[in-house]
Amino acid sequence: MAVQYDLKEQKRAYAKWAPVYDAVYVKLLADAQRKAAHAAASCGPNILEVGVGTGLVLPYYPAHCHVTGIDLSFDMLKKAVEKKTERRLRQVGLLASMDACALGFADASFDAITVPFVITLVPDPEGALDEMRRVLKPGGEIIIASKLGADAGPAMHVESMLAPLVKKVGWSIAFKASRLSNWAATHPDMKVMDISPVFPAGFFKMARIKKAR
Ligand SMILES: C[S@@+](CC[C@H](N)C(=O)[O-])C[C@H]1O[C@@H](n2cnc3c(N)ncnc32)[C@H](O)[C@@H]1O
């Protein structure tokens, strides 16, 4: 039986974020967003962005792509629709309200799925990854950009020391990178290809998870 979550709180939070989100995050997230969009485009033209928000990533997809965006929050989506119109982003198609854990698309619909700064917010990230795997074509990739906490070594110790400071600015180290590899390990057709540091100074990471052909 599917687990039910109360997503109203998430929607309320992003209704407040929508008017100021771009001003706060446009520079901080740009490197990861641009890299995620380009990595997705290298897999093929049909791309799904999960948690498209205000559409900050949309201009980074090359013109030959066909990008579909979904998000829980109408307020964030409204900004994405405005961006698509104002900037004439022809690579952007459907922008729709949807939960990452219940994607209304047929199996094997997309060449790549981008998940920029979203996975740590989803109450059931493994459930969302299951859905992404379902709608991803064989040979395609799920590309995740996020604050992914280190699992071991000096990076983990530094992060643990800085955790209270990081929390003060609204980020958490609680979602470890191993959560992605543990999920992939339960699916023989899914493999974590790479987890690499991105701006600023590796604070964020980009993970590429590939589905076998
Ligand atoms: C931090 S913003 C990231 C927006 C955009 N991807 C970016 O990089 O600027 C997180 C977005 O994820 C959306 N979100 C959170 N949980 C979600 C879920 N379960 N399904 C779909 N979208 C979700 C929020 O509404 C919000 O717009």
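Note that ligands are numbered from 1 as they come in the structure, with each ligand's atoms numbered from 1 the same way. Treat the numbers as computed from the prediction; the structure is a model and nothing was measured. If you read the sequence from its start, that first residue is 1, and numbering goes on from there.
- For E49, the heavy-atom gap to ligand 1 drops under 4.0 angstrom.
- In K137, the NZ atom is crowded: over 12 heavy atoms of neighbouring residues, nucleotides or ligands sit closer than 6.0 Å.
- Of the options W17, Y21, Y14, the smallest heavy-atom separation from atom 3 (C) of ligand 1 is shown by Y21.
- In this structure, the protein non-hydrogen atom closest to atom 8 (O) of ligand 1 is Q33 NE2, 2.8 Å.
- Listed by number with element, the atoms of ligand 1 under 4.0 Å from a non-hydrogen atom of V57 are 8 (O).
- By the 6.0 Å contact criterion, NZ on K176 is enclosed, its count of non-hydrogen atoms from other residues, nucleotides or ligands being greater than 12.
- Below 4.0 Å from some heavy atom of M76 lie the following atoms of ligand 1, by number and element: 27 (O).
- Those atoms of ligand 1 with a heavy atom of F117 less than 4.0 angstrom away are 1 (C), 2 (S), 3 (C), 8 (O), 10 (C).
- Nearest approach of T114 to A40, heavy atoms of both residues: CG2-CB, 3.5 Å.
- Per-residue contacts place L121 under 4.0 angstrom from the following atoms of ligand 1 (heavy atoms of the residue considered): 10 (C).
- Take P45 and apply the side-chain contact (heavy atoms from CB on, under 4.5 Å) test, not counting sequence neighbours, and it matches H64, D111.
- Not one N or O on the side chain of D75 forms a donor-acceptor pair closer than 3.5 Å with the backbone of A18.
- Using a 4.0 Å cut-off to heavy atoms of M98, the atoms of ligand 1 that qualify are 20 (N), 21 (C).
- The number of heavy-atom neighbours closer than 6.0 Å to CZ of R90, taken from other residues, nucleotides and ligands shown, is 12 or below.
- Judged by distance alone, with hydrogens and angles left aside, the side-chain atoms of R179 form no donor-acceptor pair with the main-chain N or O of P125 at under 3.5 Å.
- Given atom 20 (N) of ligand 1, the protein heavy atom at minimum distance is A100 N, 2.9 Å.
- Shortest contact from atom 4 (C) of ligand 1 to any protein heavy atom: G51 O, 3.4 Å.
- By heavy-atom distance, the residue among L72, D71, L56, V52 lying nearest atom 24 (C) of ligand 1 is D71.
- For atom 19 (N) of ligand 1, the nearest protein heavy atom (residue, atom name, distance) is D99 OD1, 2.9 Å.
- Every residue two or more places apart in sequence or in another chain that forms a side-chain contact (heavy atoms from CB on, under 4.5 Å) with K11 is listed here: L72.
- With hydrogens and angles left out, the side-chain atoms of W183 and D130 include a donor and acceptor closer than 3.5 Å.
- For ligand 1, the atoms lying closer than 4.0 Å to a non-hydrogen atom of S73 are 25 (O).
- You'll find the side chain of I119 reaches within 4.5 Å of the side chain of L129, heavy atoms only.
- At a heavy-atom cutoff of 4.0 Å, ligand 1 is contacted by the side chain of Q10 but not by its backbone.
- Listed by atom number, the atoms of ligand 1 under 4.0 Å from V118 heavy atoms are 12 (O).
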